[in-house]
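Because the structure is a prediction, the values reported are computed rather than measured.
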Amino acid sequence: PYAAIRDAQESRGLGDVYKRQPQNPKGNAMDLEDWEEDLLRRYPEGSTNTEGKEKEQFRDYEAEVRPEVKEFYRLNHKHQTLDFARSKKEDFTQLNRRKMTVWEAIEFLNELIDDSDPDIELPQIEHILQTAEAIRKDGHPRWFILNGLIHDLGKILCLFGEEQWAVVGDTFPLGCKFSEKIVYHEFFSANSDFNNPNYSSELGVYQEGCGLSNVTMSWGHDEYLYHVVKDYLPDPALYMIRYHSFYPAHKEGDYSYLMNDHDKEMFSWVRAFNPYDLYTKSEERVNVEELRPFYNDLINEFLPGTLSW
């Protein structure tokens, strides 16, 4: 189902870029995978960017959301403030929690997923290998395959004691008006930034076209992993990692006024990655030991040795 992605990339001018180069849930708490399942319901396979999507469709979607998922969004939208994100970024980008190889980080993440719902979910390593193998099958560059393997490793923040609403969820800019295209926008009324006059305009504290590298995003696994690997990978890979949860932009088409020309070019890669992120996971088992030599070589090519996390 992904064979057409390369053709779509070529049509968007990506050919030249190719050449260039939780805490364990308790009670009614949301499982870590629930957000991804919710994304699949919001953006079913075969859907395109949803600019202009009818409000009635969103109402139908929201009417069917499970209470624990809705509670997740309520907490996320209440607590993700500019000060909160800056504080978490300053803390976690010191990268002083742990020293691990990439494969050790994958095994560490497995501890979280296995505890979450071991009778239903496959180990996380099999899900990320499914994503990486789909990318590999379609003949993408080796760094693109690696991204399929590592893009969710930032979720180890849950194992460092972070709440799930501060690890997963759609990401969005802070310090400016919250886009109405962010799911459950109404929950932002409880956010202390919502009525701050400095943040109430479309641009807020930013300048038009300032570039996303100058924008503070809501804190989560995307931003964290970006800082772990930013010195090692090419720019398209880093954009995929840093912005793959930025659904208000790459799916809903908003926030282009904050982007510079480079952001807009790189977001073609973010959109190219999104179908692999959403639609490649299944309950079909993966032979990890058979695939491990290939992925060990890939890791050693781009992210060798021990990294700081």
Side-chain angles (χ1 to χ4, degrees), residues 2 4-6 8-10 12-21 35-36 39-40 43 49 102 105-106 109 124 127-157 167-173 211-213 215 217-253 255-256 258-281 295 298-299 301-303 307:
Y2 316 104
I5 290 178
R6 179 181 291 276
Q9 291 165 343
E10 293 291 338
R12 292 195 297 268
L14 288 170
D16 290 341
V17 181
Y18 264 125
K19 295 170 186 175
R20 291 198 302 269
Q21 256 313 306
W35 171 62
E36 294 181 357
L39 284 172
L40 287 171
Y43 302 116
N49 291 355
V102 168
I106 292 170
L109 183 62
Q124 179 71 359
H127 280 321
I128 61 179
L129 282 169
Q130 287 170 344
T131 300
E133 282 292 284
I135 295 169
R136 180 185 179 190
K137 181 180 179 181
D138 284 351
H140 290 291
R142 286 172 63 80
W143 58 260
F144 197 146
I145 302 170
L146 179 70
N147 259 34
L149 186 74
I150 70 169
H151 72 281
D152 274 345
L153 288 186
K155 291 177 182 178
I156 64 173
L157 285 170
V167 177
V168 297
D170 302 34
T171 58
F172 42 84
L212 292 179
S213 63
V215 172
M217 299 292 293
S218 55
W219 177 253
H221 71 284
D222 306 47
E223 183 72 13
Y224 171 63
L225 183 63
Y226 164 77
H227 286 278
V228 173
V229 302
K230 66 180 182 179
D231 295 330
Y232 300 91
L233 300 177
D235 229 15
L238 296 177
Y239 268 80
M240 291 177 185
I241 288 169
R242 196 175 196 181
Y243 300 113
H244 70 273
S245 301
F246 191 9
Y247 283 87
H250 69 71
K251 272 291 192 182
E252 303 296 340
Y255 291 109
S256 60
L258 295 177
M259 297 183 184
N260 58 28
D261 289 342
H262 184 63
D263 294 327
K264 293 173 183 177
E265 178 187 2
M266 291 295 103
F267 258 63
S268 294
W269 286 100
V270 179
R271 293 186 181 98
F273 178 71
N274 181 247
Y276 296 107
D277 186 23
L278 283 184
Y279 308 128
T280 56
K281 294 178 181 177
Y295 286 99
L298 197 61
I299 291 166
E301 179 180 349
F302 292 99
L303 298 168
L307 303 181

With Y239 via side-chain hydrogen bond (donor to acceptor under 3.5 Å, both in side chains) - residues at least two apart: D263
Separation between CZ of F273 and CG of L278, rounded to the nearest 0.5 Å: 9.5 Å
side-chain hydrogen bond (donor to acceptor under 3.5 Å, both in side chains) against Y295, all qualifying residues, sequence neighbours excluded: E133
Shortest non-hydrogen contact between A132 and G148, atoms and distance: CB-C, 4.1 Å
Residue K137 excluded, over 12 heavy atoms near NZ under 6.0 Å: no
Nearest atoms (heavy-atom pairs only) where D277 meets H151: OD1-NE2, 2.9 Å
Donor on one side chain, acceptor on other, T131 and T280, under 3.5 Å: yes
Pair N147-H244, side-chain donor/acceptor within less than 3.5 Å: no
Distance-minimising heavy-atom pair for S256 and K264: O-CE, 3.7 Å
Contacts of type ring pair (Phe, Tyr, Trp, His ring centres under 6.0 Å), residue F267, not counting sequence neighbours: Y243
Parallel, tilted or perpendicular: ring planes of Y276 versus H140, cut at 30 and 60 degrees: perpendicular
Side chain proximity check, L153 to V228, heavy atoms < 4.5 angstrom: no
Sub-4.5 Å side-chain heavy-atom contact between Y232 and L307: yes
Heavy-atom side-chain contact between H127 and D152 under 4.5 Å: no
Min side-chain heavy-atom separation H221-Y224 under 4.5 Å: no
Exercise: do S245 and D222 side chains pair donor with acceptor under 3.5 Å: yes
Criterion side-chain contact (heavy atoms from CB on, under 4.5 Å) on I150 and L303, from CA distance to verdict: CA-CA 10 Å; I150 70 169; L303 298 168; 3.9 Å; yes
Heavy-atom pair with the smallest gap, counting every atom of K251 and N274: CE-OD1, 3.2 Å
Flag side-chain contact, heavy atom, 4.5 Å: L212 against F246: yes
E223 CD to I241 CD1 distance, which is reported to the nearest 0.5 Å: 11.5 Å
From Y247 atom OH to T171 atom OG1, the distance as rounded to the nearest 0.5 Å: 9.5 Å
side-chain contact (heavy atoms from CB on, under 4.5 Å) evaluation trace for Y255 with V215: CA-CA 11 Å; Y255 291 109; V215 172; over 6 Å; no
Sequence-distant partners of I128, side chain to side chain contact (heavy atoms under 4.5 Å, CB included), two or more places apart: I106, Q124, L149
Check: P236 and W143 side chains under 4.5 Å, non-hydrogen atoms: yes
Gap between atom CD1 of I135 and atom CZ of R142 - 0.5 Å precision: 13.5 Å
